[in-house]
Number of protein chains: 2
Amino acid sequence: MAETGTRTPRERYRDQVRAEVKEHAREQIATAGASALSLNAIAKRMGMSGPALYRYFASRDDLITELIRDAYRSLADTFRAAAESGADLPGLAHALRGWALDDPQRYFLVYGTPVPGYHAPADITGIASEIMAVLLDASTELPADGSTTPFEVDLGAHRHWAGDHPAPPAALRRALTCWTRLHGVLSLELAGHFTGMGFDPAVLFDSEVADLTAP
Amino acid sequence: MAETGTRTPRERYRDQVRAEVKEHAREQIATAGASALSLNAIAKRMGMSGPALYRYFASRDDLITELIRDAYRSLADTFRAAAESGADLPGLAHALRGWALDDPQRYFLVYGTPVPGYHAPADITGIASEIMAVLLDASTELPADGSTTPFEVDLGAHRHWAGDHPAPPAALRRALTCWTRLHGVLSLELAGHFTGMGFDPAVLFDSEVADLTAP
DNA sequence: CGTGTTCGTTATAAGTTGTAACTCACGCGA
DNA sequence: TCGCGTGAGTTACAACTTATAACGAACACG
(Lines give C-alpha, C1' and ligand atoms only; values in the text may rest on other atoms or scores of the structure.)
Protein backbone atom coordinates (compact mmCIF):
# COMPACT_ATOMS: atom_id res chain seq x y z
CA MET A 1 0.00 0.00 0.00
CA ALA A 2 1.05 3.56 -0.64
CA GLU A 3 1.75 5.35 2.60
CA THR A 4 -0.83 8.08 2.17
CA GLY A 5 0.01 9.61 5.53
CA THR A 6 3.60 10.52 4.70
CA ARG A 7 3.68 13.61 2.55
CA THR A 8 6.81 15.51 1.81
CA PRO A 9 7.23 18.85 3.64
CA ARG A 10 6.73 20.64 0.33
CA GLU A 11 3.41 18.89 -0.24
CA ARG A 12 2.30 19.71 3.28
CA TYR A 13 3.21 23.38 2.79
CA ARG A 14 1.49 23.41 -0.59
CA ASP A 15 -1.72 21.99 0.87
CA GLN A 16 -1.64 24.51 3.66
CA VAL A 17 -1.25 27.46 1.29
CA ARG A 18 -3.99 26.11 -0.98
CA ALA A 19 -6.30 25.82 2.01
CA GLU A 20 -5.52 29.35 3.10
CA VAL A 21 -6.20 30.69 -0.38
CA LYS A 22 -9.54 28.92 -0.46
CA GLU A 23 -10.36 30.29 2.96
CA HIS A 24 -9.82 33.86 1.78
CA ALA A 25 -11.72 33.09 -1.42
CA ARG A 26 -14.74 31.82 0.53
CA GLU A 27 -14.71 34.93 2.68
CA GLN A 28 -14.50 37.15 -0.37
CA ILE A 29 -17.32 35.29 -2.13
CA ALA A 30 -19.53 35.48 0.96
CA THR A 31 -19.25 39.27 1.07
CA ALA A 32 -19.18 40.22 -2.61
CA GLY A 33 -20.28 37.20 -4.63
CA ALA A 34 -18.37 34.80 -6.80
CA SER A 35 -18.04 37.19 -9.71
CA ALA A 36 -16.05 39.59 -7.54
CA LEU A 37 -13.43 37.01 -6.58
CA SER A 38 -9.97 38.43 -7.21
CA LEU A 39 -6.77 36.41 -7.09
CA ASN A 40 -4.78 39.59 -6.70
CA ALA A 41 -6.76 40.71 -3.67
CA ILE A 42 -6.32 37.29 -2.08
CA ALA A 43 -2.59 37.37 -2.72
CA LYS A 44 -2.25 40.81 -1.17
CA ARG A 45 -4.15 39.73 1.92
CA MET A 46 -1.81 36.77 2.26
CA GLY A 47 1.18 39.07 1.99
CA MET A 48 2.46 37.87 -1.33
CA SER A 49 2.36 39.18 -4.84
CA GLY A 50 -0.24 38.35 -7.46
CA PRO A 51 1.28 35.78 -9.82
CA ALA A 52 2.49 33.67 -6.88
CA LEU A 53 -0.98 32.14 -6.58
CA TYR A 54 -0.67 30.64 -10.03
CA ARG A 55 1.69 28.09 -8.49
CA TYR A 56 -1.32 26.77 -6.59
CA PHE A 57 -4.24 27.29 -8.93
CA ALA A 58 -4.00 27.16 -12.72
CA SER A 59 -6.51 29.97 -13.14
CA ARG A 60 -9.29 31.89 -11.48
CA ASP A 61 -11.82 29.48 -12.96
CA ASP A 62 -9.81 26.61 -11.58
CA LEU A 63 -10.07 28.05 -8.07
CA ILE A 64 -13.80 28.61 -8.45
CA THR A 65 -14.29 25.08 -9.73
CA GLU A 66 -12.46 23.78 -6.68
CA LEU A 67 -14.70 25.84 -4.43
CA ILE A 68 -17.73 24.41 -6.21
CA ARG A 69 -16.35 20.93 -5.67
CA ASP A 70 -15.82 21.67 -1.96
CA ALA A 71 -19.37 22.99 -1.70
CA TYR A 72 -20.78 19.82 -3.26
CA ARG A 73 -18.58 17.73 -0.99
CA SER A 74 -19.75 19.69 2.05
CA LEU A 75 -23.41 19.18 1.18
CA ALA A 76 -22.90 15.48 0.51
CA ASP A 77 -21.12 15.09 3.85
CA THR A 78 -23.82 16.85 5.87
CA PHE A 79 -26.47 14.84 4.06
CA ARG A 80 -24.63 11.57 4.68
CA ALA A 81 -24.02 12.48 8.32
CA ALA A 82 -27.69 13.30 8.83
CA ALA A 83 -28.75 10.04 7.21
CA GLU A 84 -26.32 8.02 9.28
CA SER A 85 -27.66 9.54 12.48
CA GLY A 86 -31.09 8.30 11.54
CA ALA A 87 -32.65 11.32 9.89
CA ASP A 88 -35.77 10.73 7.79
CA LEU A 89 -36.89 12.88 4.87
CA PRO A 90 -37.94 15.86 7.03
CA GLY A 91 -34.67 15.48 8.88
CA LEU A 92 -32.73 15.66 5.64
CA ALA A 93 -34.76 18.68 4.60
CA HIS A 94 -33.84 20.55 7.74
CA ALA A 95 -30.22 19.51 7.37
CA LEU A 96 -30.33 20.99 3.89
CA ARG A 97 -31.86 24.24 5.09
CA GLY A 98 -29.32 24.54 7.89
CA TRP A 99 -26.49 23.95 5.46
CA ALA A 100 -27.90 26.55 3.07
CA LEU A 101 -28.46 29.24 5.70
CA ASP A 102 -24.99 28.61 7.10
CA ASP A 103 -23.44 30.02 3.93
CA PRO A 104 -25.87 31.21 1.24
CA GLN A 105 -23.18 31.88 -1.34
CA ARG A 106 -21.95 28.31 -0.93
CA TYR A 107 -25.48 27.16 -1.75
CA PHE A 108 -25.48 29.33 -4.88
CA LEU A 109 -22.10 27.88 -5.81
CA VAL A 110 -23.95 24.59 -6.21
CA TYR A 111 -27.45 25.59 -7.29
CA GLY A 112 -27.03 29.18 -8.47
CA THR A 113 -26.88 30.79 -11.88
CA PRO A 114 -24.64 28.73 -14.16
CA VAL A 115 -22.15 30.15 -16.64
CA PRO A 116 -23.50 29.19 -20.11
CA GLY A 117 -20.37 27.50 -21.36
CA TYR A 118 -19.37 25.82 -18.11
CA HIS A 119 -19.41 22.03 -17.74
CA ALA A 120 -18.71 20.57 -14.32
CA PRO A 121 -15.94 17.94 -14.09
CA ALA A 122 -17.03 14.33 -13.89
CA ASP A 123 -16.19 13.91 -10.21
CA ILE A 124 -18.55 16.74 -9.30
CA THR A 125 -21.47 15.05 -11.03
CA GLY A 126 -20.42 11.98 -9.07
CA ILE A 127 -20.86 13.84 -5.81
CA ALA A 128 -24.21 15.12 -7.08
CA SER A 129 -25.52 11.61 -7.59
CA GLU A 130 -24.14 10.70 -4.16
CA ILE A 131 -26.39 13.42 -2.73
CA MET A 132 -29.32 12.13 -4.73
CA ALA A 133 -28.69 8.61 -3.44
CA VAL A 134 -29.17 9.75 0.16
CA LEU A 135 -32.40 11.46 -0.86
CA LEU A 136 -33.54 8.29 -2.61
CA ASP A 137 -32.83 6.15 0.43
CA ALA A 138 -34.95 8.39 2.60
CA SER A 139 -37.72 8.51 0.00
CA THR A 140 -37.84 4.73 -0.25
CA GLU A 141 -38.58 4.38 3.45
CA LEU A 142 -41.77 6.40 3.15
CA PRO A 143 -45.01 4.52 2.43
CA ALA A 144 -46.35 5.03 -1.08
CA ASP A 145 -49.92 4.95 -2.23
CA GLY A 146 -50.82 2.40 -4.87
CA SER A 147 -51.37 4.59 -7.91
CA THR A 148 -48.52 5.00 -10.38
CA THR A 149 -48.55 7.87 -12.84
CA PRO A 150 -47.12 7.55 -16.37
CA PHE A 151 -44.40 9.97 -15.38
CA GLU A 152 -43.33 7.63 -12.58
CA VAL A 153 -43.16 4.77 -15.05
CA ASP A 154 -40.97 6.88 -17.32
CA LEU A 155 -38.82 7.68 -14.30
CA GLY A 156 -38.46 4.02 -13.43
CA ALA A 157 -37.38 3.18 -16.96
CA HIS A 158 -34.52 5.70 -16.96
CA ARG A 159 -33.18 5.24 -13.48
CA HIS A 160 -29.56 5.17 -14.48
CA TRP A 161 -29.33 8.82 -13.29
CA ALA A 162 -29.89 7.53 -9.78
CA GLY A 163 -26.99 5.14 -10.13
CA ASP A 164 -29.54 2.40 -10.75
CA HIS A 165 -30.83 2.90 -7.26
CA PRO A 166 -33.34 0.14 -6.42
CA ALA A 167 -36.15 2.49 -5.45
CA PRO A 168 -39.76 2.07 -6.55
CA PRO A 169 -40.90 4.58 -9.20
CA ALA A 170 -42.99 6.46 -6.67
CA ALA A 171 -39.90 6.98 -4.52
CA LEU A 172 -37.98 8.26 -7.52
CA ARG A 173 -40.63 10.84 -8.17
CA ARG A 174 -40.86 11.75 -4.51
CA ALA A 175 -37.11 12.33 -4.30
CA LEU A 176 -37.25 14.46 -7.41
CA THR A 177 -40.13 16.66 -6.23
CA CYS A 178 -38.49 16.87 -2.81
CA TRP A 179 -35.40 18.22 -4.49
CA THR A 180 -37.20 20.75 -6.67
CA ARG A 181 -39.65 21.98 -4.03
CA LEU A 182 -37.09 22.47 -1.28
CA HIS A 183 -34.77 24.16 -3.72
CA GLY A 184 -37.63 26.40 -4.82
CA VAL A 185 -38.27 27.71 -1.31
CA LEU A 186 -34.61 27.87 -0.29
CA SER A 187 -33.42 29.55 -3.45
CA LEU A 188 -35.99 32.33 -3.26
CA GLU A 189 -35.41 32.77 0.47
CA LEU A 190 -31.61 33.01 0.14
CA ALA A 191 -31.94 35.36 -2.81
CA GLY A 192 -33.97 37.68 -0.60
CA HIS A 193 -37.19 37.47 -2.58
CA PHE A 194 -39.18 37.02 0.64
CA THR A 195 -37.74 40.00 2.48
CA GLY A 196 -40.33 42.47 3.56
CA MET A 197 -43.16 39.98 3.06
CA GLY A 198 -43.77 39.59 6.76
CA PHE A 199 -44.05 35.82 6.93
CA ASP A 200 -41.42 33.43 8.26
CA PRO A 201 -39.64 31.51 5.48
CA ALA A 202 -39.04 28.64 7.90
CA VAL A 203 -42.79 28.11 8.22
CA LEU A 204 -43.22 28.05 4.45
CA PHE A 205 -40.35 25.58 4.27
CA ASP A 206 -41.91 23.36 6.93
CA SER A 207 -45.22 23.60 5.15
CA GLU A 208 -43.63 22.23 1.99
CA VAL A 209 -41.89 19.47 3.95
CA ALA A 210 -45.21 18.47 5.49
CA ASP A 211 -46.86 18.39 2.06
CA LEU A 212 -44.01 16.25 0.84
CA THR A 213 -44.21 13.55 3.49
CA ALA A 214 -47.99 13.26 3.60
CA PRO A 215 -49.58 13.94 0.22
CA MET B 1 -50.48 68.05 -20.48
CA ALA B 2 -46.94 67.38 -21.55
CA GLU B 3 -46.80 66.19 -25.13
CA THR B 4 -45.20 62.81 -24.48
CA GLY B 5 -45.20 61.93 -28.16
CA THR B 6 -42.92 64.74 -29.31
CA ARG B 7 -39.37 64.01 -28.33
CA THR B 8 -36.46 66.05 -29.53
CA PRO B 9 -34.24 64.42 -32.20
CA ARG B 10 -31.48 64.06 -29.63
CA GLU B 11 -33.78 62.19 -27.26
CA ARG B 12 -34.89 59.92 -30.08
CA TYR B 13 -31.30 59.20 -31.05
CA ARG B 14 -30.37 58.65 -27.43
CA ASP B 15 -33.15 56.12 -26.92
CA GLN B 16 -32.14 54.31 -30.10
CA VAL B 17 -28.51 54.00 -29.01
CA ARG B 18 -29.53 52.86 -25.53
CA ALA B 19 -31.75 50.20 -27.06
CA GLU B 20 -28.94 49.03 -29.32
CA VAL B 21 -26.54 48.83 -26.39
CA LYS B 22 -29.02 46.75 -24.42
CA GLU B 23 -29.55 44.52 -27.43
CA HIS B 24 -25.85 43.74 -27.63
CA ALA B 25 -25.73 43.31 -23.85
CA ARG B 26 -28.55 40.77 -23.90
CA GLU B 27 -26.79 38.84 -26.64
CA GLN B 28 -23.54 38.89 -24.72
CA ILE B 29 -25.24 37.77 -21.50
CA ALA B 30 -27.03 34.95 -23.28
CA THR B 31 -23.76 33.50 -24.55
CA ALA B 32 -21.36 34.16 -21.67
CA GLY B 33 -23.41 35.08 -18.61
CA ALA B 34 -24.01 38.38 -16.88
CA SER B 35 -20.62 38.41 -15.17
CA ALA B 36 -18.88 38.45 -18.55
CA LEU B 37 -20.70 41.54 -19.75
CA SER B 38 -18.15 44.06 -21.05
CA LEU B 39 -18.96 47.65 -21.93
CA ASN B 40 -15.82 47.86 -24.00
CA ALA B 41 -16.76 44.87 -26.13
CA ILE B 42 -20.23 46.31 -26.73
CA ALA B 43 -18.75 49.65 -27.75
CA LYS B 44 -16.37 48.02 -30.21
CA ARG B 45 -19.18 46.02 -31.78
CA MET B 46 -21.15 49.22 -32.21
CA GLY B 47 -18.19 50.87 -33.87
CA MET B 48 -17.40 53.37 -31.18
CA SER B 49 -14.84 53.67 -28.46
CA GLY B 50 -15.22 52.48 -24.90
CA PRO B 51 -15.95 55.55 -22.78
CA ALA B 52 -18.62 56.72 -25.22
CA LEU B 53 -21.12 54.35 -23.61
CA TYR B 54 -20.86 56.21 -20.34
CA ARG B 55 -22.95 58.94 -21.96
CA TYR B 56 -25.80 56.43 -22.00
CA PHE B 57 -25.27 54.32 -18.88
CA ALA B 58 -23.71 55.63 -15.68
CA SER B 59 -21.87 52.37 -15.03
CA ARG B 60 -21.77 48.69 -15.82
CA ASP B 61 -23.97 47.99 -12.82
CA ASP B 62 -26.41 50.59 -14.08
CA LEU B 63 -26.72 48.78 -17.39
CA ILE B 64 -27.22 45.44 -15.67
CA THR B 65 -29.84 46.93 -13.36
CA GLU B 66 -31.69 48.23 -16.41
CA LEU B 67 -31.55 44.78 -18.00
CA ILE B 68 -32.94 43.31 -14.79
CA ARG B 69 -35.72 45.87 -14.85
CA ASP B 70 -36.49 44.98 -18.48
CA ALA B 71 -36.54 41.29 -17.60
CA TYR B 72 -39.03 41.89 -14.77
CA ARG B 73 -41.11 44.08 -17.07
CA SER B 74 -41.06 41.38 -19.75
CA LEU B 75 -42.22 38.71 -17.33
CA ALA B 76 -44.93 40.94 -15.93
CA ASP B 77 -46.16 41.72 -19.45
CA THR B 78 -46.32 38.08 -20.57
CA PHE B 79 -48.09 37.21 -17.32
CA ARG B 80 -50.57 40.00 -17.72
CA ALA B 81 -51.14 39.14 -21.38
CA ALA B 82 -51.74 35.49 -20.50
CA ALA B 83 -54.19 36.45 -17.76
CA GLU B 84 -56.08 38.85 -20.02
CA SER B 85 -56.51 36.14 -22.62
CA GLY B 86 -58.20 34.00 -20.02
CA ALA B 87 -55.39 31.82 -18.78
CA ASP B 88 -55.95 29.98 -15.52
CA LEU B 89 -53.25 28.87 -13.10
CA PRO B 90 -51.90 26.07 -15.34
CA GLY B 91 -52.00 28.53 -18.22
CA LEU B 92 -49.92 31.02 -16.28
CA ALA B 93 -47.52 28.24 -15.35
CA HIS B 94 -46.92 27.35 -18.98
CA ALA B 95 -46.59 31.00 -19.90
CA LEU B 96 -43.90 31.23 -17.25
CA ARG B 97 -42.09 28.17 -18.55
CA GLY B 98 -42.23 29.43 -22.12
CA TRP B 99 -40.87 32.78 -21.05
CA ALA B 100 -38.07 31.10 -19.10
CA LEU B 101 -37.04 28.73 -21.89
CA ASP B 102 -37.12 31.56 -24.39
CA ASP B 103 -34.11 33.15 -22.70
CA PRO B 104 -32.70 31.31 -19.67
CA GLN B 105 -30.23 34.03 -18.76
CA ARG B 106 -33.09 36.54 -18.65
CA TYR B 107 -34.79 34.25 -16.13
CA PHE B 108 -31.62 34.17 -14.04
CA LEU B 109 -31.44 37.94 -14.25
CA VAL B 110 -34.64 37.92 -12.24
CA TYR B 111 -34.38 34.79 -10.08
CA GLY B 112 -30.69 33.88 -10.22
CA THR B 113 -27.83 34.26 -7.78
CA PRO B 114 -27.95 37.71 -6.18
CA VAL B 115 -24.93 39.88 -5.49
CA PRO B 116 -24.71 40.11 -1.67
CA GLY B 117 -24.71 43.89 -1.41
CA TYR B 118 -27.19 44.59 -4.18
CA HIS B 119 -30.59 46.10 -3.46
CA ALA B 120 -33.09 46.39 -6.28
CA PRO B 121 -34.61 49.84 -6.92
CA ALA B 122 -38.10 50.44 -5.63
CA ASP B 123 -39.75 50.33 -9.04
CA ILE B 124 -38.43 46.81 -9.62
CA THR B 125 -40.04 45.55 -6.44
CA GLY B 126 -43.17 47.25 -7.71
CA ILE B 127 -43.09 45.15 -10.87
CA ALA B 128 -42.46 42.07 -8.73
CA SER B 129 -45.67 42.64 -6.77
CA GLU B 130 -47.46 43.25 -10.06
CA ILE B 131 -46.40 39.74 -11.10
CA MET B 132 -47.56 38.36 -7.79
CA ALA B 133 -50.92 40.08 -8.19
CA VAL B 134 -51.60 38.17 -11.41
CA LEU B 135 -50.69 34.94 -9.65
CA LEU B 136 -52.99 35.83 -6.77
CA ASP B 137 -55.89 36.55 -9.10
CA ALA B 138 -55.53 33.13 -10.70
CA SER B 139 -55.16 31.44 -7.32
CA THR B 140 -58.31 33.06 -6.01
CA GLU B 141 -60.39 31.55 -8.79
CA LEU B 142 -59.55 28.02 -7.75
CA PRO B 143 -61.79 26.28 -5.25
CA ALA B 144 -60.29 25.86 -1.81
CA ASP B 145 -60.97 23.16 0.72
CA GLY B 146 -62.31 24.23 4.06
CA SER B 147 -59.34 23.69 6.32
CA THR B 148 -57.08 26.60 7.15
CA THR B 149 -53.58 25.99 8.50
CA PRO B 150 -51.94 28.33 11.04
CA PHE B 151 -49.49 29.32 8.35
CA GLU B 152 -52.32 30.50 6.14
CA VAL B 153 -53.70 32.56 9.00
CA ASP B 154 -50.28 34.15 9.44
CA LEU B 155 -50.19 34.83 5.71
CA GLY B 156 -53.59 36.48 5.81
CA ALA B 157 -52.53 38.73 8.65
CA HIS B 158 -49.50 40.07 6.77
CA ARG B 159 -50.95 40.44 3.29
CA HIS B 160 -49.48 43.88 2.68
CA TRP B 161 -46.79 42.17 0.55
CA ALA B 162 -49.55 41.29 -1.90
CA GLY B 163 -50.57 44.92 -2.17
CA ASP B 164 -53.42 44.09 0.23
CA HIS B 165 -54.86 41.80 -2.40
CA PRO B 166 -58.32 40.61 -1.32
CA ALA B 167 -57.56 36.91 -1.61
CA PRO B 168 -58.56 34.32 0.98
CA PRO B 169 -55.64 32.97 3.06
CA ALA B 170 -55.71 29.66 1.21
CA ALA B 171 -55.24 31.49 -2.09
CA LEU B 172 -52.29 33.42 -0.65
CA ARG B 173 -50.62 30.18 0.30
CA ARG B 174 -51.44 28.57 -3.03
CA ALA B 175 -49.92 31.47 -4.95
CA LEU B 176 -46.82 31.29 -2.77
CA THR B 177 -46.30 27.54 -3.19
CA CYS B 178 -47.06 27.88 -6.89
CA TRP B 179 -44.26 30.41 -7.14
CA THR B 180 -41.74 28.37 -5.17
CA ARG B 181 -42.53 25.01 -6.77
CA LEU B 182 -42.50 26.22 -10.36
CA HIS B 183 -39.31 28.14 -9.69
CA GLY B 184 -37.82 25.02 -8.15
CA VAL B 185 -38.34 22.94 -11.28
CA LEU B 186 -37.54 25.71 -13.75
CA SER B 187 -34.42 26.88 -11.97
CA LEU B 188 -32.91 23.40 -11.84
CA GLU B 189 -33.91 22.68 -15.42
CA LEU B 190 -32.43 25.91 -16.80
CA ALA B 191 -29.27 25.41 -14.78
CA GLY B 192 -28.84 22.05 -16.47
CA HIS B 193 -29.17 19.93 -13.32
CA PHE B 194 -31.49 17.55 -15.15
CA THR B 195 -29.28 16.98 -18.19
CA GLY B 196 -28.40 13.36 -18.67
CA MET B 197 -31.17 12.17 -16.39
CA GLY B 198 -33.26 10.79 -19.23
CA PHE B 199 -36.64 12.16 -18.23
CA ASP B 200 -38.44 15.09 -19.80
CA PRO B 201 -38.37 18.22 -17.60
CA ALA B 202 -41.67 19.31 -19.17
CA VAL B 203 -43.38 16.25 -17.71
CA LEU B 204 -41.98 16.97 -14.27
CA PHE B 205 -43.16 20.55 -14.62
CA ASP B 206 -46.64 19.44 -15.65
CA SER B 207 -46.67 16.99 -12.78
CA GLU B 208 -46.05 19.83 -10.37
CA VAL B 209 -48.71 21.97 -12.01
CA ALA B 210 -51.20 19.15 -11.66
CA ASP B 211 -50.33 18.74 -7.99
CA LEU B 212 -50.79 22.44 -7.54
CA THR B 213 -54.27 22.72 -9.01
CA ALA B 214 -55.74 19.60 -7.44
CA PRO B 215 -54.23 18.79 -4.05
C1' DC C 1 -26.62 82.64 -38.04
C1' DG C 2 -24.48 82.37 -33.48
C1' DT C 3 -24.53 79.52 -29.24
C1' DG C 4 -24.69 76.08 -26.10
C1' DT C 5 -25.78 71.39 -25.12
C1' DT C 6 -24.42 66.87 -26.12
C1' DC C 7 -21.82 63.38 -28.34
C1' DG C 8 -17.55 60.98 -29.28
C1' DT C 9 -12.91 61.08 -29.11
C1' DT C 10 -8.27 60.34 -26.95
C1' DA C 11 -5.40 60.19 -22.61
C1' DT C 12 -5.03 58.42 -18.23
C1' DA C 13 -5.57 56.00 -13.70
C1' DA C 14 -6.26 51.91 -11.23
C1' DG C 15 -7.78 47.67 -11.42
C1' DT C 16 -7.90 42.57 -13.27
C1' DT C 17 -5.96 37.83 -15.30
C1' DG C 18 -2.19 35.48 -16.88
C1' DT C 19 2.77 34.55 -18.86
C1' DA C 20 7.78 34.92 -18.80
C1' DA C 21 12.08 35.16 -16.80
C1' DC C 22 14.82 35.37 -12.95
C1' DT C 23 16.32 34.45 -7.76
C1' DC C 24 16.55 32.08 -4.01
C1' DA C 25 15.89 28.68 -0.62
C1' DC C 26 14.52 24.29 0.76
C1' DG C 27 14.80 19.33 0.84
C1' DC C 28 16.42 15.10 -0.97
C1' DG C 29 19.92 11.96 -2.47
C1' DA C 30 24.63 10.84 -2.65
C1' DT D 1 27.49 16.76 5.34
C1' DC D 2 27.43 18.62 0.96
C1' DG D 3 25.83 19.74 -3.74
C1' DC D 4 22.10 20.14 -6.82
C1' DG D 5 17.66 20.23 -8.65
C1' DT D 6 12.97 21.29 -7.90
C1' DG D 7 9.70 24.40 -6.70
C1' DA D 8 8.33 28.97 -4.55
C1' DG D 9 8.17 33.85 -4.96
C1' DT D 10 9.66 37.79 -7.13
C1' DT D 11 9.44 41.49 -10.64
C1' DA D 12 8.31 42.87 -15.60
C1' DC D 13 5.12 42.78 -18.98
C1' DA D 14 0.97 42.18 -22.17
C1' DA D 15 -3.79 42.60 -22.77
C1' DC D 16 -7.64 43.21 -20.81
C1' DT D 17 -11.38 45.72 -17.82
C1' DT D 18 -14.12 49.94 -15.59
C1' DA D 19 -14.27 54.68 -15.10
C1' DT D 20 -12.89 59.81 -15.22
C1' DA D 21 -11.06 63.93 -17.41
C1' DA D 22 -10.36 66.99 -20.96
C1' DC D 23 -10.84 68.21 -25.49
C1' DG D 24 -13.06 68.91 -30.20
C1' DA D 25 -16.74 68.64 -33.26
C1' DA D 26 -21.45 68.31 -34.62
C1' DC D 27 -25.98 69.30 -34.05
C1' DA D 28 -30.51 71.48 -32.55
C1' DC D 29 -32.55 75.55 -31.12
C1' DG D 30 -33.53 80.43 -30.41
Side-chain angles (χ1 to χ4, degrees), chain A residues 2-29 31-68 115-118, chain B residues 2-29 31-68 115-118:
Chain A
E3 303 148 51
T4 58
T6 69
R7 292 196 306 281
T8 71
R10 282 215 150 121
E11 280 175 327
R12 289 158 52 88
Y13 177 72
R14 183 180 178 81
D15 289 355
Q16 176 189 333
V17 172
R18 280 176 62 93
E20 189 177 348
V21 170
K22 292 204 273 187
E23 193 59 39
H24 284 265
R26 273 185 283 267
E27 183 182 329
Q28 203 169 316
I29 285 180
T31 62
S35 62
L37 189 143
S38 159
L39 289 187
N40 246 312
I42 293 176
K44 279 186 180 175
R45 277 198 199 172
M46 291 180 62
M48 56 189 192
S49 229
L53 291 195
Y54 286 83
R55 296 274 176 197
Y56 301 95
F57 297 93
S59 67
R60 197 190 96 117
D61 284 3
D62 193 66
L63 171 58
I64 293 184
T65 295
E66 199 124 335
L67 293 172
I68 293 177
V115 177
Y118 181 79
Chain B
E3 304 148 50
T4 57
T6 70
R7 292 197 303 284
T8 71
R10 281 210 150 123
E11 276 176 331
R12 287 157 56 88
Y13 177 72
R14 184 181 178 81
D15 288 356
Q16 176 189 334
V17 173
R18 281 175 62 94
E20 190 176 347
V21 170
K22 291 203 275 188
E23 194 58 38
H24 285 265
R26 271 185 285 265
E27 184 181 327
Q28 202 167 319
I29 285 181
T31 63
S35 64
L37 188 142
S38 160
L39 289 187
N40 247 311
I42 293 175
K44 279 186 181 175
R45 278 197 198 174
M46 292 181 60
M48 54 188 195
S49 228
L53 291 195
Y54 285 84
R55 296 274 177 199
Y56 301 94
F57 297 94
S59 69
R60 198 190 96 116
D61 284 4
D62 193 64
L63 171 57
I64 293 183
T65 296
E66 199 125 332
L67 293 172
I68 293 176
V115 176
Y118 181 80

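Quick note on labels: first sequence line is chain A, next is B, and so on, each numbered from 1.
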Engineer: What does nucleotides 11-23 of chain D look like as a protein-contact string, B for base, S for sugar-phosphate only, - for none, at under 4.0 angstrom between heavy atoms?
Structural biologist: BB----SBBB-B-

Engineer: Salt bridge (Lys or Arg N to Asp or Glu O under 4.0 Å) with Arg60(A): which residues, sequence neighbours excluded?
Structural biologist: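 Checked Arg60(A) against salt bridge (Lys or Arg N to Asp or Glu O under 4.0 Å); zero matches.
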
Engineer: Quickly work out the Phe57(A) CZ to dT17(C) P distance and round it to whole Å.
Structural biologist: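 Going from CZ in Phe57(A) over to P in dT17(C) covers 14 Å.
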
Engineer: Report the residues that fulfil side-chain contact (heavy atoms from CB on, under 4.5 Å) with Ala34(A), sequence neighbours left out, ordered by chain and then residue number.
Structural biologist: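 In terms of side-chain contact (heavy atoms from CB on, under 4.5 Å), with neighbours along the sequence ignored, Ala34(A) is linked to Ile29(A), Leu109(A).
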
Engineer: Name the nucleic acid region contacted by Tyr56(B), choosing base, sugar-phosphate or nothing; use a 4.0 angstrom heavy-atom cut-off, strictly under.
Structural biologist: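 Touches sugar-phosphate only.
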
Engineer: Do NZ/NE/NH1/NH2 and the carboxylate oxygens of Glu23(B) and Arg26(B) come within less than 4.0 Å?
Structural biologist: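 Arg26(B) and Glu23(B): salt-bridged.
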
Engineer: Measure the distance from CG on Asp62(A) to P on dT17(C) and round it to the nearest whole Å.
Structural biologist: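 Interatomic distance, CG of Asp62(A) to P of dT17(C): 14 Å.
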
Engineer: Please check if the side chain of Arg14(B) supplies one atom and the backbone of Arg55(B) the other of a donor-acceptor pair under 3.5 Å.
Structural biologist: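 Such a contact is found between Arg14(B) side chain and Arg55(B) backbone.
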
Engineer: OP1 or OP2 of dT6(D) sitting under 4.0 Å from any side-chain N/O of Tyr13(A)?
Structural biologist: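 No.
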
Engineer: Can you tell me the distance, in whole Å, between the CE atom of Met46(A) and the P atom of dT10(D)?
Structural biologist: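 Nearest whole value for this atom pair: 10 Å.
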
Engineer: Please identify each residue that fulfils side-chain contact (heavy atoms from CB on, under 4.5 Å) with Arg10(B), with sequence neighbours left out.
Structural biologist: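 In terms of side-chain contact (heavy atoms from CB on, under 4.5 Å), with neighbours along the sequence ignored, Arg10(B) is linked to Thr8(B).
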
Engineer: So, do Tyr118(A) and Asp61(A) sit near enough that their side-chain heavy atoms are less than 4.5 Å apart?
Structural biologist: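 They are not in contact (no side-chain heavy atoms under 4.5 Å apart), so the answer is no.
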
Engineer: Tell me which pairs pass side-chain hydrogen bond (donor to acceptor under 3.5 Å, both in side chains) where either residue lies in residues 39-53 of chain B, with sequence neighbours left out.
Structural biologist: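 Passing the test, one end in residues 39-53 of chain B: Glu27(B)-Arg45(B).
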
Engineer: Send over the distance from Glu11(A) CD to dT6(D) C1', rounded to a whole Å.
Structural biologist: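 In whole Å, dT6(D) C1' and Glu11(A) CD are 13 Å from each other.
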
Engineer: Nearest whole angstrom, please: distance from the C1' of dT16(C) to the CD1 of Ile42(A).
Structural biologist: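 Checked: the CD1 to C1' distance equals 13 Å.
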
Engineer: Strictly under 4.0 angstrom, non-hydrogen atoms only: write out the protein contact profile of nucleotides 25-30 of chain C, one letter per nucleotide from the 5' end, B, S or -.
Structural biologist: BBSS--

Engineer: Contact between Asp15(B) and Arg7(B) at the side-chain level, heavy atoms closer than 4.5 Å - yes or no?
Structural biologist: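 Yes, their side chains come closer than 4.5 Å.
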
